[in-house]
K.L.:
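To start, I am sharing the structure in question, which I have written as structure tokens.
Just so you know, ligand 1 is whichever comes first in the structure, and atom 1 is the first atom listed for that ligand.
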Amino acid sequence: MGTSMRSWMAVLIMVWLTLVQGIFVAVDATFNYKDALTKSIIFLEAQRSGKLPPNHRPQWRGDSGLDDGKLANVDLVGGYYDAGDNVKYGLPMAFTVTTLAWGALAYHKELHATGELPHVRSAIKWGTDYFLKASSRKNRLYVQVGDPVLDHQCWVRPENMRTPRTVLRIDENNPGTEIAAETSAAMAAASIVFRHTNRTYSRRLLNKAKLLFEFAKTHKKTFDGECPFYCSFSGYNDELLWSATWLYKATTKPMYLKYIKEEATSAAVAEFSWDLKYAGAQVLLSKLYFEGVKDLESYKKDADSFICSVLPGSPFHQVYISPGGMINLRDGANTQYVTSTAFLFSVYSDILAEHNQKVQCGNQAFDSTRVMAFAKQQIDYLLGSNPEKRSYMVGFGHNPPVQAHHRGASVPVMSTNTIVNCGTSFANWFNKDAPNPHELTGAFVGGPDRFDNFVDKRWDSSKTEPCTYVNSISVGVLAKLATDGRV
Ligand SMILES: *[C@@H]1O[C@H](CO)[C@@H](O)[C@H](O)[C@H]1NC(C)=O
């Protein structure tokens, strides 16, 4: 064989290898998004507190918190535990419901096509039924059940807890603007979801949402009741804008638009989270801007700025991306930023596509395809396209986590009469280096650190603890990926 022939063969082999590799990469990056979507919603079911309905899916869960509210002579049975503990925190619970409702609205067709819409509606209603109880009296909102300090001293499943179910509330003498406004946003967004399925219920939610917004903006005080677990670092201006935006979407009443244009404050940010909601409001308002609502241009610019500061390749890129490609804002439940960014990118990509627009970042323009590709890449990272080559969703994909930091899943089912010794509970179940006895199906765990390193140990809560809002925000984008533009 001549030299030229040999080099030809070498080129051919290289081309072939590249192709094969390309196919492997493509296969590697394609997941069963429908399965991930189904499971993501099942996790939210596992977080339910109260009297569970007969069709409840995680079989290892039972009724819990049936006396919640009794200490204050109110009925606060129901709602969600936020994460791996047994406290019902109002601020993240409301954000979970708002973002789930947003997913249901933005991806209604996709959720319908996958058959998941009824599950999403019931997950939203599980939250809003609770908020209706918690807001039954005007200018009063019950915002927390459970004692975080004592709860954290006992590794017990909610079905067996005997820790105090202390009740916190806000009212005119002790306001909490963030939590009142977020609960208002949740109820306003949910009122749109139920508009065509249950008009009476939808109206009730909307009325409460209006009252809570009024209460939030006339009694301004930062809410610190859930510190140190859910301290609002960003203040309440973002929640007020967010709530007004949802109320405008739900009512189209000029008073809310006027508030948005004339009174609300906004800021360019690179994060969307239970604490910081500006970017979410900006994306929602950009849609209205493109649809012709006047004087919203500054919000559209801020939404562009969000994209430009997150997207790698943008000249204004400022968010840290791990070597394996994952957004990392801070270690500890970092996956919340991964799913929230993926969701906003996905929704913004739809808006760009619909109005034939691009995001201009300095001298670079990014179209809807590029914006969506980043959303997909972030979700794919969590589902298995990462340096550890493992899934970060419990019960999904290759080598998923088995030691989620979660009381309910890590303690075996026992009779509800069993009194658990809090002192020995940690030795018995928390420190046990073995898979959880119950699979916490669908939970995205806290995830790897900024160098893509992960350890599947229950005691490393920053990596293995799940949170409802990590999943709620993922639902819409998973539905979009599951249907891949086919609806
Ligand atoms: C509407 O919702 C309310 C409150 O949950 C419920 O009592 C009622 O039966 C619902 N109506 C319909 C038609 O589903």
K.L.:
Could you name the option among Leu132, Asn198, Thr200 that has the heavy atom nearest to atom 1 (C) of ligand 1?
P.N.:
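Looking at heavy atoms only, Asn198 sits closest to atom 1 (C) of ligand 1.
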K.L.:
Could you say whether the N/O atoms of Tyr201 and ligand 1 ever approach to under 3.5 Å?
P.N.:
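Such a contact does not occur with ligand 1.
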K.L.:
Return the set of residues passing side-chain hydrogen bond (donor to acceptor under 3.5 Å, both in side chains) with Ser340 (not counting sequence neighbours), or none when no residue passes.
P.N.:
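In terms of side-chain hydrogen bond (donor to acceptor under 3.5 Å, both in side chains), with neighbours along the sequence ignored, Ser340 is linked to no residue.
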K.L.:
Do the ring planes of Trp102 and Phe272 sit parallel (below 30°), tilted (30 to 60°) or perpendicular (above 60°)?
P.N.:
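Rings of Trp102 and Phe272: perpendicular, as their planes differ by over 60°.
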K.L.:
Is Glu465 paired with Arg458 through a side-chain N to carboxylate O contact shorter than 4.0 Å?
P.N.:
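Answer for the salt bridge query: no.
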K.L.:
Can you tell me the protein heavy atom closest to atom 5 (O) of ligand 1 and the distance?
P.N.:
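The protein heavy atom lying closest is Lys125 NZ, 3.3 Å.
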K.L.:
Closer than 4.0 Å and a protein heavy atom, does any atom meet both conditions relative to atom 7 (O) of ligand 1?
P.N.:
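So far as the 4.0 Å threshold goes, atom 7 (O) of ligand 1 is out of reach of every protein heavy atom.
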K.L.:
If you measure every N or O of Thr197 against every N or O of ligand 1, does any of those distances drop under 3.5 Å?
P.N.:
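It does not: no N or O of Thr197 is found under 3.5 Å from an N or O of ligand 1.
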K.L.:
Can you give me the closest heavy-atom contact between Asp238 and Asp275, atom names plus distance?
P.N.:
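Of all heavy-atom pairs spanning Asp238 and Asp275, the closest is OD2-O, 2.7 Å.
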K.L.:
How about NE2 on His219, more than 12 heavy atoms from neighbouring residues, nucleotides or ligands closer than 6.0 Å, or not?
P.N.:
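Atom NE2 in His219 is packed in, count exceeds 12.
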